[in-house]
Amino acid sequence: MGKIIVVSSGKGGVGKTVAVSNIAVALAKMEKRVLMADLDIGLRNLDLAVGINDVIVYDIMDVLDEKCSVEKAVFTLKGYGGVDILPAAQTIGKDSLEPQKFKKMFRRLRDRYDYIIIDSPAGMEKGFQSAIASADCAFVVVNPEMTSVRDSDRIISLLEAAEMREIRLIINRVRPQMMRRGDTLNVDEILNLLQIPLIGIVEEDEVVLKSLKRNILPVNESSSKAGKEFYNIAKRILGENVPITKLSGSSRFFFRKRSR
Ligand SMILES: Nc1ncnc2c1ncn2[C@@H]1O[C@H](COP(=O)(O)OP(=O)(O)O)[C@@H](O)[C@H]1O
Ligand SMILES: [Mg+2]
């Protein structure tokens with residue numbers, strides 16, 4: 001039975017979709033059967049990340065509304081290690097956003113895959129509950145900024161309230177020099193605040209910035225530092241012992257630990 005990982009965040013634009021697409025493809029390249037599912041309903045862009053936005057006919061809502069079978073909506077991406085993708089709907093069918101419906105669908109799907117990676121909406125909307133309903137594990141993506149960290153703190157509390165057993169942190173868009181100078185929060189400060197185990201530290205990377213326009217995926221680019229770290233995260237998911245390089249930084253502020 002496959003493991004379901006939901007990738008979430010407090011605020012939008014922190015790199016969830018980038019994380020989902022790169023981790024999913026990295027796992028697929030390591031011969032795992034992987035489905036990436038876009039539950040960012042109404043704001044879909046996982047399809048864009050892998051360049052299939054023009055060819056989508058059915059989406060996740062059509063499956064939930066029983067307009068088509070899941071097989072019809074799932075797309076296999078040949079150039080990306082054979083990863084499957086279940087695209088989100090562009091329009092919101094509010095009645096369909098029932099966490100139980102998603103749960104039922106993913107329960108059926110999990111037999112066919114080793115990993116299902118879910119891209120979820122930011123924040124705490126109903127879509128968030130649907131996205132986490134069936135997951136075994138949640139990755140929270142955070143940027144080294146106070147606003148991002150504070151919003152993640154809320155999400156982590158919600159995940160804990162939902163009894164998510166495994167919660168891991170991805171710190172994304174790290175600029176090592178700025179971090180070292182103490183211009184951004186550093187890794188220890190973030191960990192101190194959020195109190196969840198780390199699964200990866202991804203640097204700010206030009207390859208990520210140009211990936212959509214150039215129709216490339218960082219994990220497929222040997223020059224991409226971010227791609228390399230997403231690959232490492234995939235290895236850590238598989239249980240390999242790949243050490244995380246912590247970028248040290250000077251502490252400027254004193255932060256209170258999360259209260260539990
Ligand atoms: N490591 C990174 N380096 C550079 N740009 C990044 C990185 N991660 C994300 N981005 C950029 O940030 C923006 C938001 O990322 P996205 O994955 O769409 O966020 P979310 O899904 O959380 O809303 C995108 O333009 C993306 O290219
Ligand atoms: Mg997104």
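Both ligands and their constituent atoms are indexed starting at 1 by order of listing.
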| Got a salt bridge between Glu221 and Lys210, using NZ or NE/NH1/NH2 to carboxylate O under 4.0 Å? | no

| query | Are the charged groups of Glu203 and Lys228 less than 4.0 angstrom apart, N to O? | reply | no

Among protein heavy atoms, which lies nearest [atom], and at what distance?
| atom | answer |
| --- | --- |
| atom 17 (O) of ligand 1 | Val18 N, 2.9 Å |
| atom 19 (O) of ligand 1 | Gly15 N, 3.0 Å |
| atom 6 (C) of ligand 1 | Val208 CG1, 3.4 Å |
| atom 8 (N) of ligand 1 | Asn172 ND2, 2.9 Å |
| atom 18 (O) of ligand 1 | Thr17 CB, 4.1 Å |

| Closest heavy-atom pair and its distance - Tyr58, Pro87 | O-CG, 4.1 Å

| query | Looking only at heavy atoms, what is the nearest atom pair of Ile155 and Ser9, with distance? | reply | CG1-O, 3.5 Å

Give yes or no for whether the N/O distance cutoff of 3.5 Å, strictly under, is met between [X] and ligand 1.
| X | value |
| --- | --- |
| Arg173 | yes |
| Asp205 | yes |
| Leu209 | no |
| Val202 | no |

| said: Looking at atom 25 (O) of ligand 1, tell me if a protein heavy atom falls under 4.0 Å from it. | reply: no

Report yes or no: do [X] and [Y] belong to one cluster of Ile/Leu/Val/Met/Phe/Trp/Tyr joined by side chain heavy-atom distances under 4.5 Å?
| X | Y | value |
| --- | --- | --- |
| Val25 | Leu238 | yes |
| Val207 | Val14 | no |
| Val70 | Ile60 | yes |

| query | Strictly under 4.0 Å, does any heavy atom of Gly13 approach an atom of ligand 1? | reply | yes

| task | Measure the distances from the heavy atoms of Glu203 to every atom of ligand 1 and state whether one is below 4.0 angstrom. | result | yes

| said: Under a plain distance cut-off of 3.5 Å, with no hydrogens placed, do Lys11 and Asn143 share a side-chain donor-acceptor pair? | reply: no

